[in-house]
Asks: 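This structure is in structure tokens; I'll ask about it shortly.
Naming convention: chains lettered A, B, ... in sequence-line order (proteins, then strands); numbering from 1 in each chain. Note that the structure is a prediction, hence the values are computed from the model and not measured.
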Amino acid sequence: MNKYRTHNCGELTKKDNGSNVILSGWINKKRDHGNLLFLDLRDNFGITQCLVEKENEFFKNLEKTQLETVIKINGVVAKRTEDTVNKEIQTGEIEVKIKSFEILGTCKELPMPVFTDQEYAEDIRLKYRFLDLRRKKIHENIVLRSKVISFIREEMIKLGFLEFQTPILTSSSPEGARDFLVPSRLNKGKFYALPQAPQQFKQLIMVSGFDKYFQIAPCFRDEDARADRSPGEFYQLDLEMSFVEQEDVFNVVEKLMLLIFKKFSNKKMLFEKFPKITYEDALRKYGTDKPDLRNPLEISDLTSIFERDDVKFEIFKKLVKSGSVVRAIKTDNTKDKPRSFFDGINNWAKDQGASGMAYFTFEGDNEIKAKGPVGKFFSSESLKEIMKITDAKIGDSIFLSCNKENEVLKLISSARDKIAKDLNLVNEETFAFCWIVDYPMFEVDETTKKISFSHNPFSMPQIDEKEIDLSKPLEIKAYQYDIVCNGIELSSGAIRNHKPDLMYKLFSIAGYSKEDVDKKFKGMINALSFGAPPHGGIAPGIDRIVMLLANEKNIREVTLFPMNQNAQDLMMNAPSEISDDQLKELGLQIKKK
RNA sequence: GGGGGUGUAGCUCAGUUUGGUUAGAGCGAUCGCCUGUCACGCGAUAGGUCGCGGGUUCGAGUCCCGUCACUCCCGCCA
């Protein structure tokens, strides 16, 4: 028999009435009646109410024992009377009458309460993460994460994927995010990089003939944090398949996502078949390549309206003449919304750093008019045209933003979220997945004005092999795709370019010589020259999937031991300084400021 | 690198707008009372560098300047 327990704290029922049991766990809560003490004992599995009366020799000691002390109790299960049953807990039908107890782990005065739904400051939670993790909600989130990962493993193996581990100490890559670097002792002056993703390895696995691979892969990127982005490290379901086209990858991942989200959430799927939206359409209709499709609002281009002579909105007209664009959001039947609604949007836009958002509402019977601060600038004819473009009717309103295209997109895409939220248009009880496809292969870097890869340099371009025309690189699309759910980018993937000749050509457009490519992507380019199968894959973000399932807005709520926004682990005190000996051994010197 | 928010007891917060007696509450801690609670109840006690530094003032938690920490966002994240 186990020394510490015969049962866990979540399993006793009235069937166990009368049996002698041993339970171990944390003291979750005490209710002291002076001559009668109730004590909730908690473990991973649940809570059991225990009680002890004054006559018991252990009464005084138990009364004085701190919350969160770990104790072992010996007792008898007793069925509760009808009126004392607690329906909130699994073991609410019974209680355990304590005969004796023993302290297994003492507890000092708590720096933060464990038994409470109160929220508290992040730095305290992170410093005492082991206490924080005892709390119900986050404890359940972490268990959910474990279950999701196990489920993914099972399903991937069923689908014929092999699970492999790839190196953590690898080489720095010139594309992408900042690398985390690790100095090499045996090769002084040289550094390993932690993988931003196992990108090259997974392709090499395909070249090695393993057909299908997956991994719950740690990825390391030295970039600043966001609510949905841990600083430093995160996990991806990294997968890659041989002899496949885009649709084959879609079929596998779409099925997998549906299985996961249906198993672990009660929310409804807005689309059983994920809609495919081209990158271009996504930017046009939603202003972003990660649209929240629960939100019905769409964006229209009204730039041409401000080239008309019968429109007198001079500020916008002037901007349009100098190359700015105008984008608009139409809201249905908002004519009776109070002024505060419209001003609220306008002020919000100012808070975002824009000059605001102009707005008006269509009204009138025979002659169409625009009501609102800028309504007077529009002729009836121009309003008709706007109604045509935006598919608006009388009583609808238009919100306008005018700026350089990039700036407009930034504002109008978040305005879409803001307006939908204010109008309560988003059903929070649904998941809306979609694929974003046909990403451009190249883009113009805004700072350097040079052509660079817009996504992954290893993606296959959508060009006819027989007549490769690279003269207009910005028009080349790639077999590059993203999954988006509820406005969150869950993953991106691609069919890879497995043809070395084509790869050299594409890299040359981005300014890399053959020698550069040979040097920087040595392993890859070499492998592709020795018989590489056509292949492709994707890498859904595990943390974000669990976030969506757990209904959390912050990635730390689904991460066991997260770092804070400044990439510090307050519990383990990382990063920390290292000794002079360690530095010496690595051949490093710290430059003082 | 930039912008916003927050910082008062171990924890959660009120007080700051409009400067003015000894800075309050709930939870937790300690002590006492209480035999059916499940956020048990009742009474008492302890607990404060109002993030830190400087300034204005007869007087600063409150106003001004600077700074630090946490957080959200922009940049960044192929």
Asks: Which sits closer to the 5' end of RNA chain B, A/Met112 or A/Lys97, going by the nucleotide each is nearest to?
Replies: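 Its nearest nucleotide being more 5', the pick is A/Met112.
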Asks: So does A/Arg31 get a side-chain nitrogen or oxygen closer than 4.0 Å to the phosphate oxygens (OP1/OP2) of B/C40?
Replies: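 Indeed, a polar side-chain atom of A/Arg31 lies that close.
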Asks: Taking any heavy-atom pair under 4.0 Å as a contact, classify A/Glu55: base, sugar-phosphate, or nothing.
Replies: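 Result for A/Glu55 = base.
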Asks: Which pairs would a plain distance check flag for residues 214-224 of chain A, meaning a side-chain donor or acceptor within less than 3.5 Å of a matching protein atom at least two apart in sequence or in another chain?
Replies:
from, atom 1, to, atom 2, distance (Å)
A/Gln215, OE1, A/Thr166, N, 3.4
A/Gln215, NE2, A/Thr166, OG1, 3.1
A/Gln215, NE2, A/Tyr213, OH, 2.7
A/Arg221, NE, A/Gln196, O, 3.1
A/Arg221, NH2, A/Gln196, O, 3.2
A/Glu223, OE1, A/Arg178, NH1, 3.1
A/Glu223, OE2, A/Arg178, N, 2.9

Asks: Let me know the distance between CG of A/Asn28 and C1' of B/C40, rounded to the nearest Å.
Replies: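 It works out to 15 Å between those atoms.
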Asks: B/U57 pairs with which nucleotide, Watson-Crick or G-U wobble, both distances below 3.5 Å?
Replies: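 Answer to the pairing question: none, since B/U57 forms no Watson-Crick or G-U pair.
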Asks: Please confirm whether any donor atom in the side chain of A/Arg125 sits under 3.5 Å from an acceptor in the base of B/C70, or the reverse.
Replies: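 No, the side chain and the base share no sub-3.5 Å donor-acceptor pair.
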Asks: Could you measure between the two C1' atoms, the one in B/U16 and the one in B/G61, and give it in whole Å?
Replies: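 The answer is 7 Å between these two C1' atoms.
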Asks: Could you tell me the separation between the CG atom of A/Leu570 and the P atom of B/C68, rounded to a whole number of Å?
Replies: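 To the nearest whole Å, that distance equals 18 Å.
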Asks: May I have the distance from A/Lys108 (atom NZ) to B/C11 (atom P), rounded to whole angstrom?
Replies: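 One finds 15 Å between P of B/C11 and NZ of A/Lys108, rounded.
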Asks: Taking CG from A/Asp132 and P from B/U12, how many angstroms apart are they, rounded to a whole number?
Replies: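 Atom-to-atom, A/Asp132 to B/U12, this comes out as 12 Å.
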Asks: Is any side-chain N or O of A/Gln49 under 3.5 Å from a base N or O of B/U37, one able to act as donor and the other as acceptor?
Replies: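 Yes, a donor-acceptor pair under 3.5 Å.
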Asks: Could you check how far CG of A/Asn564 sits from P of B/U71, rounded to whole Å?
Replies: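 Those two atoms, CG and P, are 5 Å apart.
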Asks: What distance, rounded to whole Å, do you find between the two C1' atoms, one in B/G5 and one in B/G51?
Replies: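 Between the two C1' atoms, the distance is 16 Å.
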Asks: If I pick the P atom on B/U62 and the same atom on B/C27, what distance separates them, to the nearest angstrom?
Replies: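 After rounding to an integer number of Å, I get 29 Å for this pair.
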Asks: With a non-hydrogen cut-off below 4.0 angstrom, is A/Asp179 in contact with a base, only sugar-phosphate, or nothing?
Replies: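 If one applies the 4.0 Å heavy-atom cut-off, A/Asp179 turns out to touch nothing in the nucleic acid.
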Asks: Looking only at atom P, what distance separates B/C13 and B/C72, rounded to whole Å?
Replies: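 One P to the other, the span is 15 Å.
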Asks: Quote, to the nearest angstrom, the C1' distance that separates B/C58 from B/G7.
Replies: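 Pairwise C1' distance, B/C58 against B/G7, rounds to 30 Å.
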Asks: Pairing check on B/G1: which nucleotide meets the Watson-Crick or G-U wobble criteria with it, both distances under 3.5 Å?
Replies: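 Paired with B/G1, as far as the under-3.5 Å criterion goes, is B/C74.
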Asks: Can you tell me, in whole Å, how much space there is between the C1' of B/U22 and that of B/G59?
Replies: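 Taking atom C1' in both B/U22 and B/G59, they lie 15 Å apart.
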Asks: For A/Glu245, does the CD atom have more than 12 heavy-atom neighbours from other residues, nucleotides or ligands under 6.0 Å away?
Replies: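 No, because the 6.0 Å sphere around CD of A/Glu245 holds 12 heavy atoms or fewer from other groups.
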Asks: Grab the CG-C1' distance between A/Asp83 and B/C38 for me, whole Å please.
Replies: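 Taking CG of A/Asp83 and C1' of B/C38, I get 13 Å after rounding.
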Asks: Answer yes or no: are there more than 12 heavy-atom neighbours, outside A/Tyr235 itself, under 6.0 Å from its atom OH?
Replies: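 No.
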Asks: Identify whether the distance between the nearest side-chain nitrogen and carboxylate oxygen of A/Asp117 and A/Lys137 falls below 4.0 Å.
Replies: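 Between A/Lys137 and A/Asp117 there is no salt bridge, as every charged N stays at least 4.0 Å from the carboxylate O atoms.
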Asks: Between B/C33 and B/U71, how far apart are the two P atoms, rounded to whole Å?
Replies: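 Roughly 46 Å separates the two P atoms.
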Asks: Check A/Glu407 with A/Lys404, please: is the shortest side-chain N to carboxylate O separation under 4.0 Å?
Replies: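 Looking at A/Lys404 and A/Glu407, the cut-off is not met.
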Asks: Contact class for A/Arg556 (heavy atom, under 4.0 Å): base, sugar-phosphate, or nothing?
Replies: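 Answer is sugar-phosphate: A/Arg556 comes under 4.0 Å of backbone atoms only.
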Asks: How many angstroms lie between atom OG1 of A/Thr13 and atom NZ of A/Lys79, to the nearest 0.5 angstrom?
Replies: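 So the gap between those two atoms works out to 10.5 Å.
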Asks: For A/Arg125 and A/Glu557: C-alpha separation, side-chain torsions, deciding distance, then whether salt bridge (Lys or Arg N to Asp or Glu O under 4.0 Å) applies.
Replies: CA-CA 11 Å; A/Arg125 293 184 59 192; A/Glu557 300 303 324; 2.9 Å; yes
Asks: When we call it a touch if two heavy atoms are under 4.0 Å apart, what does A/Asp117 touch: a base, just sugar-phosphate, or nothing?
Replies: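 Nothing, no nucleic acid heavy atom in range.
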Asks: Phosphate oxygens OP1/OP2 of B/C72: is one of them under 4.0 Å from a side-chain N or O of A/Asn554?
Replies: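 True: A/Asn554 side-chain N/O within range (under 4.0 Å) of B/C72 OP1/OP2.
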Asks: Is A/Gln480 touching bases, backbone alone, or none of the nucleic acid, heavy atoms closer than 4.0 Å?
Replies: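 Nothing: the residue A/Gln480, judged by heavy atoms under 4.0 Å, touches no strand.
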Asks: Can A/Lys421 and A/Asp417 be counted as an ion pair, charged N to O under 4.0 angstrom?
Replies: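 The answer is no: the pair does not qualify as a salt bridge.
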Asks: Using a cut-off of less than 4.0 Å, is there contact between a side-chain N or O of A/Asn566 and OP1 or OP2 of B/A69?
Replies: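 It does not, given that no N or O in the side chain of A/Asn566 lies less than 4.0 Å from OP1 or OP2 of B/A69.
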Asks: Give a yes or no on whether a salt bridge exists between A/Arg42 and A/Glu68, defined as a side-chain N under 4.0 angstrom from a carboxylate O.
Replies: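 Salt bridge between A/Arg42 and A/Glu68, a charged N being under 4.0 Å from a carboxylate O: yes.
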Asks: Check nucleotides 74-77 of chain B for protein N or O atoms closer than 3.5 Å to its own N or O atoms and list the pairs.
Replies:
from, atom 1, to, atom 2, distance (Å)
B/C74, OP2, A/Arg226, NE, 2.7
B/G75, N7, A/Arg226, NH2, 2.7
B/G75, O6, A/Asp224, OD2, 3.4
B/G75, O6, A/Arg226, NH1, 3.1
B/G75, O6, A/Arg226, NH2, 3.3
B/G75, N1, A/Asp224, OD2, 2.6
B/G75, N2, A/Asp224, OD2, 3.4
B/C76, O2', A/Glu223, OE1, 2.5
B/C76, O2', A/Glu223, OE2, 3.3
B/C76, O2, A/Arg229, NH2, 3.0
B/C76, N3, A/Arg229, NH1, 3.4
B/C76, N3, A/Arg229, NH2, 2.8
B/C76, N4, A/Arg226, NH2, 3.3
B/C77, O2, A/Arg229, NE, 3.4
B/C77, O2, A/Arg229, NH1, 2.8
B/C77, N3, A/Arg229, NH1, 3.0

Asks: Watson-Crick or G-U wobble partner for B/G36, using a 3.5 Å limit on both distances?
Replies: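 No nucleotide pairs with B/G36.
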Asks: Take A/Leu36 and A/Phe115, find for each the nucleotide of RNA chain B with the closest heavy atom, and name the residue whose nucleotide sits nearer the 5' end.
Replies: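 Of the two residues, A/Leu36 wins.
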Asks: Are A/Arg544 and A/Gln236 linked by a side-chain donor-acceptor pair shorter than 3.5 Å?
Replies: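 A/Gln236 and A/Arg544 do not have a side-chain donor-acceptor pair below 3.5 Å.
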Asks: Between P on B/G51 and CG on A/Asp123, what's the gap in Å once rounded to a whole number?
Replies: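 To the nearest whole Å, that distance equals 14 Å.
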Asks: Is a salt bridge present between A/Glu122 and A/Arg556, judged by a nitrogen-to-oxygen distance below 4.0 Å?
Replies: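 So A/Glu122 pairs with A/Arg556 through a salt bridge.
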Asks: Where along nucleotides 25-34 of chain B does protein come under 4.0 Å, by heavy atom, of base (B) or sugar-phosphate alone (S), with - for untouched nucleotides?
Replies: ---SS----B
Asks: Paired with B/U67 by Watson-Crick or G-U wobble geometry, both distances under 3.5 Å: which nucleotide is it?
Replies: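 Its partner is B/G51 (Watson-Crick or G-U wobble, both distances under 3.5 Å).
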Asks: Tell me what A/Gln352 touches on the nucleic acid: a base, only sugar-phosphate, or nothing, going by heavy atoms under 4.0 Å.
Replies: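 If one applies the 4.0 Å heavy-atom cut-off, A/Gln352 turns out to touch nothing in the nucleic acid.
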Asks: Once you apply the 3.5 Å cut-off to both distances, tell me the Watson-Crick or G-U wobble partner of B/U62, or none.
Replies: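 In the structure as shown, B/U62 has no Watson-Crick or wobble partner.
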Asks: Does NZ or CZ of A/Lys514 lie under 6.0 Å from the centre of the six-membered ring of A/Tyr504, at an angle within 45° of the ring axis?
Replies: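 Yes; both conditions hold, so A/Lys514 lies above the ring face of A/Tyr504.
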Asks: Whole angstrom is fine here: how far is it from CD1 in A/Ile124 over to P in B/U8?
Replies: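 Spelled out: CD1 on A/Ile124 to P on B/U8 is 10 Å.
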Asks: Need one value for A/Ser454: base, sugar-phosphate or nothing, where a base atom within 4.0 Å counts as base even if backbone is also close, heavy atoms only.
Replies: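 Counting heavy atoms under 4.0 Å across all strands, the contact made by A/Ser454 is with sugar-phosphate only.
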Asks: Give one of base, sugar-phosphate or nothing for A/Tyr120, where a contact means two heavy atoms less than 4.0 Å apart.
Replies: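 Contact class for A/Tyr120: sugar-phosphate only.
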Asks: Would you mind checking if A/Lys519 and A/Glu515 are paired as a salt bridge, meaning a charged N to carboxylate O distance below 4.0 Å?
Replies: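 Not counted as a salt bridge, because no side-chain N and carboxylate O are separated by less than 4.0 Å.
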